[in-house]
Amino acid sequence: MKKFFSDNGIWILAAAAAIAVALCIISAVSSGTGFLHNAAGVVASPFRSAGAAVTNWVIGIGDHFEDVDSLQAENDELRRQVAELEEQLHQAQTDKEENARLRQLLGLHEQHSDFVYETALITERSSSNWSSSMTLNKGTRSGVAIGNCVVDAQGYLVGVVAEAGANWCRVNSLLDTGAQFGAFVFRSGKTAVTSGDLELMNHGKLKLIYLSDHPDLINGDLIVTSGLGGFYPSGLVIASVEELRTDDSGLSRYAVLQPKTDLTSLTEVFIITDFNTVT
Amino acid sequence: MTRRAIALKWLLYALTAAVAVLLQNLILTPLHIGGIHPFLLPAAAVIPATREARGQSLLFAFTFGLLCDLTMPASFPCLYAAAFSLSALLSGIVARRLINPGAICSVAASTAALIVTDLLQLLSMAGSGTTDVLTGLVLTLHELAVSVVFFFPVHFLDYWVYRRTLSE
């Protein structure tokens, strides 16, 4: 056996290289998720689910041993917040009635009532520092398709489906260098594009590019999806502005954004499988 | 060494690689050190190449890389298969000509593998304009700094397999 490998090592290497090149070509020419990727994803899916269950169990044990004092302080804080929220609820009831009247006047639909959601669990997070992605436990069998937007429980944008297998899909988070979204500044209505950046990604941030010469931006400005082009729904909250910077060339400016969603603590997300396009 | 013994040996190496994958996904990926988490998979792929026959270890690294390509995102198809195969070849040369097989050699081989993987990734991303070279190089060094200490457990696991299968 050893002799076989020493005599034929170069041929094994050549065969391996040929297989690698063939797979590269197949992956490059095929659109969507290839058969091998799909099959590997289906096989790996139960292991990912088991891994996620173990991780959540370990995190659960850690939570169980939370410091009692911090829980007491949190309880006091929550009581105070409940009192505030009760007051706000009363105000919100009045606002809601007024909002309904105004909607009726403008002929607008309820916000996002056209969205069709598919609930999914995160079964794996990317182990590479060069990308920011996660694998979910729903796929084409549940109506998930490449390009679907993914949001968290608050409706904040998490990312976009980049690959979809039968019972799994891979989501590029909004921090990933391959993820770009048409966006606008909620306050001023000015359009721009959010884009992942390798340097900012590992600090949990992204950037807003293609700004005008005099961008009307202030810290805390909310950035939402524009929906232009019809690829993604409009009005999904992406991030808030943190600071304005000039790029290395000194010719253009970009804004550093802090995502509204907390990607590190997410366990469950919602895939938007259908929506009405902006006309 | 009989065919059965060789098969058993590579099965054990595959199990150590599986342990490294579990360690990576369950413990290291959520562990952020300055925004970066340690990356063990190149070490799991190439450390056997420092002691074992060139052809066998090349096939192991290629297969492991291919599995990584099929289950993990990468900047281009077959990134890990190409990077791990090339690194296994390099590791064999390092172990035969520069550093005797051992912990230092394993760390050197793993370092080379991590750098090769990152450089291929960087070339692809810089080529497509999604990042600049300097940012990528800084990330490579940062990743190496946080990963290097975790190469030792993989070395000791693989060394255990080597000792365990040496007598057969």
Side-chain angles (χ1 to χ4, degrees), chain A residues 1-2 4-13 15-17 19-28 34 36-37 39-41 43-44 47-48 51-52 54-55 58-59 124-133 135 162-163 170 172 176-178 195-199 201-204 248 264, chain B residues 1-3 5-7 21-22 24-30 32 34-41 53-59 61-63 65-78 81-82 85 89 117-118 121-122 125 128 130-132 134-136 138-140 142-143 146:
Chain A
M1 192 73 170
K2 192 174 179 181
F4 170 79
F5 277 111
S6 57
D7 289 349
N8 299 291
I10 192 72
W11 294 110
I12 292 169
L13 179 63
I19 293 169
V21 170
L23 284 172
C24 283
I25 293 167
I26 290 168
S27 300
L36 278 174
H37 262 89
V43 171
F47 297 103
R48 284 179 175 139
V54 171
T55 309
V58 171
I59 291 167
E124 189 189 31
R125 289 169 195 278
S126 167
S127 54
S128 169
N129 286 303
W130 295 75
S131 64
S132 174
S133 66
T135 307
E163 277 184 280
R170 180 167 295 127
N172 277 348
D176 191 88
T177 52
S195 172
D197 179 85
L198 195 62
E199 192 181 359
M201 183 177 78
N202 293 314
H203 296 99
D248 293 339
T264 54
Chain B
M1 194 177 257
T2 63
R3 193 172 292 190
I6 291 173
V21 171
L22 276 179
Q24 177 71 53
N25 286 336
L26 297 181
I27 296 168
L28 299 183
T29 301
H32 285 259
I36 303 283
H37 56 256
F39 191 50
L40 268 194
L41 304 188
R54 190 176 55 188
Q56 295 173 26
S57 46
L58 200 60
L59 198 60
F62 175 76
T63 310
L66 204 59
L67 287 174
C68 289
D69 280 315
L70 289 173
T71 53
M72 286 166 55
S75 54
F76 66 90
C78 290
S85 302
L89 211 60
T117 309
D118 282 2
Q121 193 123 249
L122 174 57
M125 289 175 77
S128 63
T130 49
T131 192
D132 63 293
L134 185 64
T135 306
V138 170
L139 176 60
T140 302
H142 194 165
E143 191 172 45
V146 300

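In what follows, every chain begins at residue 1, and chains take the letters A, B, ... in the order their sequences are listed. Side chains included, hydrogens not; waters and symmetry mates left out as well; all remaining heavy atoms used. Model, not experiment: these values are computed from the prediction.
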Is chain B contacted by the side chain of A:Ser128, its backbone, both, or neither, given a heavy-atom distance below 4.5 Å?
-> both
From B:His32 atom NE2 to A:Asn202 atom CG, the distance as rounded to the nearest 0.5 Å | 8.0 Å
Short side-chain to backbone donor-acceptor contact, A:Asn129 and B:Leu139, under 3.5 Å | no
Starting at NE2 of B:His37, measure out to CZ of A:Arg125 and round the result to the nearest 0.5 Å.
-> 11.5 Å
Do A:Arg170 and B:Pro73 come within less than 4.5 Å of each other through their side chains, counting heavy atoms only?
-> yes
State, yes or no, whether a side-chain contact exists between A:Trp130 and B:Thr117 at a heavy-atom distance under 4.5 Å.
-> no
Measure distances from B:Thr130 to the heavy atoms of chain A and classify the residue's part below 4.5 Å as side chain, backbone, both or neither.
-> both
Contacting region of B:Leu122 [heavy-atom separation from chain A under 4.5 Å] = both
Which bit of B:Asp132 comes within less than 4.5 Å of chain A, counting heavy atoms only: side chain, backbone, both or neither?
-> neither
Pick one of side chain, backbone, both or neither for A:Ser131, based on which atoms fall under 4.5 Å of a heavy atom in chain B.
-> side chain
Roughly how far, to the nearest 0.5 Å, is the CD1 atom of B:Ile36 from the NE2 atom of A:His203?
-> 7.5 Å
Here the gap from B:Thr71 atom OG1 to A:Glu124 atom CD, rounded to the nearest 0.5 Å, amounts to 6.5 Å
Greatest number of heavy atom pairs closer than 4.5 Å to chain B - which of A:Asp197, A:Leu198, A:Thr135 = A:Leu198
